[in-house]
Q: 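Below you'll find the structure I mean.
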There are 2 protein chains.
Amino acid sequence: MNPTSLADKLIKQHIRPSYQRIKILEYLLDNRIHPTADQIFNAVHAHIPTLSKSTVYNTLNVFMEANLVRAVIIDGNEVRYDINGEEHGHFQCESCGRIYDSYMNIDALNADDLNDFAIKDKNVYFKGICPQCRQNRN
Amino acid sequence: MNPTSLADKLIKQHIRPSYQRIKILEYLLDNRIHPTADQIFNAVHAHIPTLSKSTVYNTLNVFMEANLVRAVIIDGNEVRYDINGEEHGHFQCESCGRIYDSYMNIDALNADDLNDFAIKDKNVYFKGICPQCRQNRN
DNA sequence: TTTTGTTATGTAATCATTATAATTTTATAT
DNA sequence: ATATAAAATTATAATGATTACATAACAAAA
């Protein structure tokens, strides 16, 4: 995606398209690995030597406010960020730590005991061992 | 539950029933609020003045190893602990932070794209506003 | 070009959790 | 019982992700 359309994507969400924000957005779109803030920082820092980690966190929070990205919280210790806007769940491999997308039927979940609750967000994640790690027997 | 049966519950899981562990187990069984480690510490510390926070964390990790408790990770910043052994999901209120149990049909979720994955654990949580907070309009 | 608001940066602070080492308690064996 | 070994508890320090804060750079508008 070219810089202009990246900027447009931000403007559409009422986010001022600074160079840093564009580069972070670009990284997220090109690397659908549910990266941590640290991974994002390291990758984008290679292109913007003056980039600060604060900017990464600020930007991610701005993106989340605008529903451009969503926090994936599976590990208790670090948040991972997902730019995939489609409704989907996740699978985390307990061996390699990788997080996979899974397009499961989340709407099939019915919770009768939550009838009086205003549900705004549904999150599903599975844990286990991914095919690669099963093969490697670890 | 009396102390003996609490001890038995631990012994059954091959956990040595120390006084601290029994008291922490008792707290978890009597307070089904998905407490944080800090909440557990504060409550049990009132009964055991010498209790250390390390012991709380150690104990919780031991309990988790034995599948006696499960970590509920919804907020990114703190882990909450659940002694409810039945399969169930959670609802966290974005206003008051409380976590509610919900006995939803998690097995109805089918993820065809995970056929080659060994699924060991399924987690579901919803977010939104609970009835009390809806009433209070906050 | 001044003024004003927004964004970025760097550093310090926060806070949950883990690591470590020393002490205490419990179990085992002589 | 007593000595020895193993396990659990404690206190403190370390870690590490995230946020707070103050300052600097930047962009927009008058």
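Values reported hereafter were calculated over all heavy atoms of this structure, with side chains retained and with hydrogens, waters and symmetry mates removed. In the text below, chain A, chain B and the rest are named by the order of the sequence lines, each starting its count at 1.
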Q: What string of B, S and - do you get for nucleotides 24-30 of chain D, 5' to 3', if B is base contact, S is sugar-phosphate-only contact and - is no contact with any protein heavy atom under 4.0 Å?
A: -------
Q: Hey, mind stepping through B:Tyr100 and A:Phe117 against ring pair (Phe, Tyr, Trp, His ring centres under 6.0 Å) and telling me if it holds?
A: CA-CA 10 Å; B:Tyr100 298 83; A:Phe117 292 65; 5.0 Å; yes
Q: Before you tell me yes or no, could you show the steps for B:Arg80 and B:Asp75 under salt bridge (charged side-chain N to carboxylate O under 4.0 Å, His left out), namely the whole-Å CA-CA distance, both residues' side-chain angles and the distance that decides it to 0.1 Å?
A: CA-CA 9 Å; B:Arg80 304 180 67 155; B:Asp75 270 356; 5.3 Å; no
Q: Using atom CZ of B:Arg21 as one end and atom P of D:dA7 as the other, report the distance to the nearest whole Å.
A: 11 Å
Q: Rounded to whole angstrom units, what separation is found between the CD1 atom of A:Ile15 and the P atom of C:dG5?
A: 22 Å
Q: Within a strict 4.5 Å, meaning less than it, do heavy atoms of the A:Ile99 and A:Val72 side chains meet?
A: yes
Q: Between A:Phe41 (CZ) and D:dG16 (P), how many Å, whole number?
A: 16 Å
Q: Can you measure A:Ile40 atom CD1 to D:dT18 atom C1' for me and round it to whole angstrom units?
A: 13 Å
Q: Quick one: what's the B/S/- string for nucleotides 9-22 of chain C, heavy-atom cutoff under 4.0 Å, read 5' to 3'?
A: BBB----SBBB---
Q: Between C1' on D:dT19 and CG on A:Leu60, what's the gap in Å once rounded to a whole number?
A: 13 Å
Q: Please state how far atom CD1 in A:Ile24 lies from atom C1' in C:dA8, giving the value in whole angstrom units.
A: 10 Å
Q: Whether the side chain of B:Asp113 engages the backbone of A:Tyr103 through a donor-acceptor N/O pair (distance < 3.5 Å, no angle test) should be reported.
A: yes
Q: With a 4.0 Å limit, can you tell me whether B:Ser18 has a side-chain N or O closer than that to the phosphate oxygens OP1/OP2 of D:dT9?
A: yes
Q: How far apart are the C-alpha atoms of A:Tyr19 and A:Arg21, what are their side-chain angles, what is the distance that settles it, and do they pass the side-chain hydrogen bond (donor to acceptor under 3.5 Å, both in side chains) test?
A: CA-CA 6 Å; A:Tyr19 184 59; A:Arg21 287 172 174 172; over 6 Å; no
Q: Out of A:His88, A:Arg70, A:Arg32, which one pairs with A:Asp82 under the side chain to side chain donor-acceptor pair (under 3.5 Å) rule?
A: A:His88
Q: Aromatic rings B:His90 and B:His34: how do their planes relate, parallel, tilted or perpendicular, breaks at 30° and 60°?
A: perpendicular
Q: Taking atom types as modelled and ignoring hydrogens, do the side chains of A:Asn105 and A:Asp107 form a donor-acceptor contact shorter than 3.5 angstrom?
A: no
